[in-house]
Structures are given as C-alpha cells and as structure tokens.
Amino acid sequence: MTQTHFTLNNGKKIPSVGLGTWQSAPGEVAKAVEYALKNGYRHLDCAWAYGNEAEVGQGIKASGVPREEIFITSKLFELHHHPEHVPLAIKDTLKNLGVDYLDLYLLHWNINFEVDAPAGTLPQFDHRVKGESGKFKLDVALSDDVTPTWREMEKLVDQGLVKSIGISNFNINRTKKLLEVARIKPVADQVELSLQCPQPELVAWLKKNDILPQGYSPLGGTGKTNLRDNATVKKIADKHDVQTANILLSWLVARGINPLPKSVTPERIANNLKLVDLSKEEFEELEKLAESHPPQRVCDQSDSFEPTYDIYQENDPEFSDKAQFAKEQ
C-alpha cells in the first residue's frame, strides 16, 4: 500500500508528496496552488526566495481548504541568517502567505550573504555586497557555524510561529555539527534527490538519525525530460499503466523520501499525486539504475560567491558524505 504520510521526529505528520513552487512564473502560481488543493494536495513547499509567496497565499485562500488541513513549508533565505533578520523574515513570509503559522520552516542553505541593509529592515536582493571579483560576498563565519541562526529559529517554535524547523542543502558533516548544538532537532533536510542525484549515503544517514529526507527536483529539474524518457522507467510505467513521473515519485517515497514535484500544469499537478506500489524487483531495478551513472545536480551554488564555498564537500576526503557515512559503518 502506498504511503500517504511520513511521521516527523516530533510526532507531526507530513503528506508524502508536496507541490513545489520553485521556478513557477508570476501569474501561474496562484492558480496552480488553488487547483492542487482542490484536487487532493495538502502539502505546499514554498520559500521567500522564490518571490511568489503572496501568490501562493492567494491560491490557498481561493481554494477554500481550511488552513489547518494544509501542511505549509517555507524557508529562511541566505540573506536573512543574521539573528536580527530571522524575526523579520518569518513575519514577511507569514504576511505574504496570509497565514498565522508555518508547519515547517527550513534553513534554506548553509551559507549566508554579507548584506548592507538599514537597521530594522529585512534585507532584499539588492542589499547583497559585491566583492572584487564581481560576485556577492559570503559571510564565511556564519556559514561555517549556523548556531546563531538556529537559536532564532528555535525561538520561532517556542513562540508558536512555526510548528517544526529543519534544514535544506545540508550534507552529513554540516548536519552533524548542527546536531551537536541544537536544542530542537531538525525534522527534515530538503536536498536534491532524483534518479540522477540519488545521494544514497545522505539518505541512509538521515533516516538512521530520524531526519526526513525531502527531495526537490525529483523529476530531474524544470523542463528536463531525460529521467522521464528513460527506457527502464518507461517499461515499469507501462506495466502499471501510469506515466513515468509516477514511477520516479513512487520510487522516492519507497526510499523514505518526501518528493516535492513542481508544476503549474493542471494535468501534471493531478498526476504527480498518484503513487503506485512498486514490486521489490522493480524497486531494485530503479536502485541499480540510479547507481549506474555519476550523480548530476541541477543546483549547486558553490562557485557563485566570493570566496568560493564548497557547499556539498563531495570531493573532500574527510567531509564528503561517502567518507562521513563510511566512518559510522
């Protein structure tokens, strides 16, 4: 039987598939959210950085679905990790979404920009500081140690503004460092997870430590069809009389992952909610397919800043997920 919900480490339940809103164009998001909620979705994945939270809020209102029936996630962007900006950021997100609380608030990245914003105001994109290279400057100290930011996020739980807190784009090493200081344990780590970017060590470690792996770009990224066109995936889809997207999402859920497919097309939105029960043989076939090629990411900002910052540490002999996972075996 397909899994409809996951249980977080604080006992709260989260629907097993959510609607992603990243890269959804202005004018499309409100209708997509309204349609999704009217057609069975109860989980929305949002972020301040997407620039469309107000439209998401319009869609929620137009759907008529009661707030308490919807699991809403948003994210604290890397402009807002300085402790004084966290209360301003959550206030802005709640206002934009038109809600009184979030079910889950994620630290969007483990990095933070240097910003030059007037005191008491929420930094915007044009408050980023450029370095000599022309790239935006990184606050390395706060990126290396997110404790001050996490303390402010913990306060949001205490205040009832968010029900749960979590992280995004954290590898094993950076998550371990956070667990050493966290008063409230992160309930989830939202990372890129798909057939082309399976991250088996990270997924296994998160599950072992009772942190839910959430997967963005689960179908391989906006506008990309290589995963959906794969012959093995097509064969399994034909057997179940479904589309290939259903197989890719069902495989992720079977791995214990919470996928967040993005779409603004009504037919795809409705279809992405349909999961199938994969046989053991089908699951193993997809596992082998995922392991048969070098991992490919849709999103890696490591070279986007000054200085360059190795977000994922994939090639680090000590801090890569492979190395960190192997230490515990």
Side-chain angles (χ1 to χ4, degrees), residues 8-10 12 14 18-22 24 29 33 43-61 66-128 139 142-143 145-170 178 181-190 211-212 214 216 260:
L8 302 173
N9 61 36
N10 58 8
K12 300 186 184 302
I14 181 171
L19 178 72
T21 57
W22 180 40
S24 295
V29 184
V33 168
H43 178 186
L44 304 174
D45 184 75
C46 318
W48 183 92
Y50 300 166
N52 57 17
E53 286 188 325
E55 278 198 52
V56 172
Q58 293 166 16
I60 293 170
K61 185 176 181 179
R67 165 67 186 94
E68 60 271 17
E69 293 184 14
I70 311 169
F71 192 103
I72 303 177
T73 299
S74 190
K75 308 176 189 75
L76 180 73
F77 195 50
E78 57 253 44
L79 294 174
H80 306 148
H81 290 191
H82 286 279
E84 65 270 23
H85 295 144
V86 177
L88 300 174
I90 187 66
K91 182 179 179 180
D92 198 50
T93 279
L94 293 176
K95 176 185 175 184
N96 288 336
L97 290 170
V99 298
D100 296 325
Y101 67 93
L102 295 178
D103 295 279
L104 178 57
Y105 200 33
L106 303 178
L107 195 59
H108 203 155
W109 291 85
N110 65 294
I111 50 176
N112 188 68
F113 289 110
E114 281 192 21
V115 294
D116 183 14
T121 63
L122 183 67
Q124 304 296 312
F125 283 98
D126 57 4
H127 289 130
R128 291 175 294 179
D139 183 330
L142 193 53
S143 300
D145 181 7
V146 301
T147 304
T149 312
W150 193 253
R151 289 286 176 258
E152 293 301 315
M153 293 182 70
E154 290 173 329
K155 290 178 185 176
L156 301 181
V157 178
D158 298 336
Q159 295 163 6
L161 296 175
V162 304
K163 302 291 186 183
S164 306
I165 50 177
I167 51 181
S168 183
N169 298 297
F170 274 56
L178 177 59
V181 300
R183 173 172 63 87
I184 298 177
K185 183 177 180 177
V187 301
D189 184 9
Q190 187 177 133
I211 299 171
L212 177 67
Q214 294 187 294
Y216 67 77
L260 306 164

Asker: If you apply the rule side chain to side chain donor-acceptor pair (under 3.5 Å), what do you find for Q190 with D45, and how did you get there?
Answerer: CA-CA 10 Å; Q190 187 177 133; D45 184 75; 2.9 Å; yes
Asker: Minimum heavy-atom separation for H127 and P118, please, with both atom names.
Answerer: NE2-CD, 3.9 Å
Asker: Looking only at heavy atoms, what is the nearest atom pair of H81 and L76, with distance?
Answerer: NE2-O, 3.3 Å
Asker: Nearest heavy-atom pair of W150 and A182: which atoms, and what distance?
Answerer: NE1-CB, 3.5 Å
Asker: For the side-chain contact (heavy atoms from CB on, under 4.5 Å) test, which of L106, D103, L102, L260 pairs with T73?
Answerer: L106
Asker: With sequence neighbours left out, write down each residue that passes side-chain hydrogen bond (donor to acceptor under 3.5 Å, both in side chains) with Y216, or none if nothing qualifies.
Answerer: N169
Asker: Work out which heavy atom in I211 is nearest to a heavy atom in D189; give both atom names and the distance.
Answerer: CG2-N, 3.7 Å
Asker: Check this for me: D158, atom CG, are more than 12 non-hydrogen atoms of other residues, nucleotides or ligands nearer than 6.0 Å?
Answerer: yes
Asker: What pair of heavy atoms forms the shortest contact from L156 to I90, and how long is it?
Answerer: CD2-CG2, 3.8 Å
Asker: Can you name the residues that form a side chain to side chain contact (heavy atoms under 4.5 Å, CB included) with K91, not counting sequence neighbours?
Answerer: none
Asker: What heavy-atom pair brings P186 and L178 nearest, and what distance separates the two atoms?
Answerer: CG-CD2, 4.2 Å
Asker: How would you list all residue pairs meeting side-chain hydrogen bond (donor to acceptor under 3.5 Å, both in side chains) that involve residues 106-126, not counting sequence neighbours?
Answerer: H82-N112
Asker: Carefully, step by step, assess V181 and R151 under the rule side chain to side chain contact (heavy atoms under 4.5 Å, CB included).
Answerer: CA-CA 9 Å; V181 300; R151 289 286 176 258; 4.0 Å; yes
Asker: Measure up the W48 and H80 rings against each other and bin them: parallel (under 30°), tilted (30 to 60°), perpendicular (over 60°).
Answerer: perpendicular
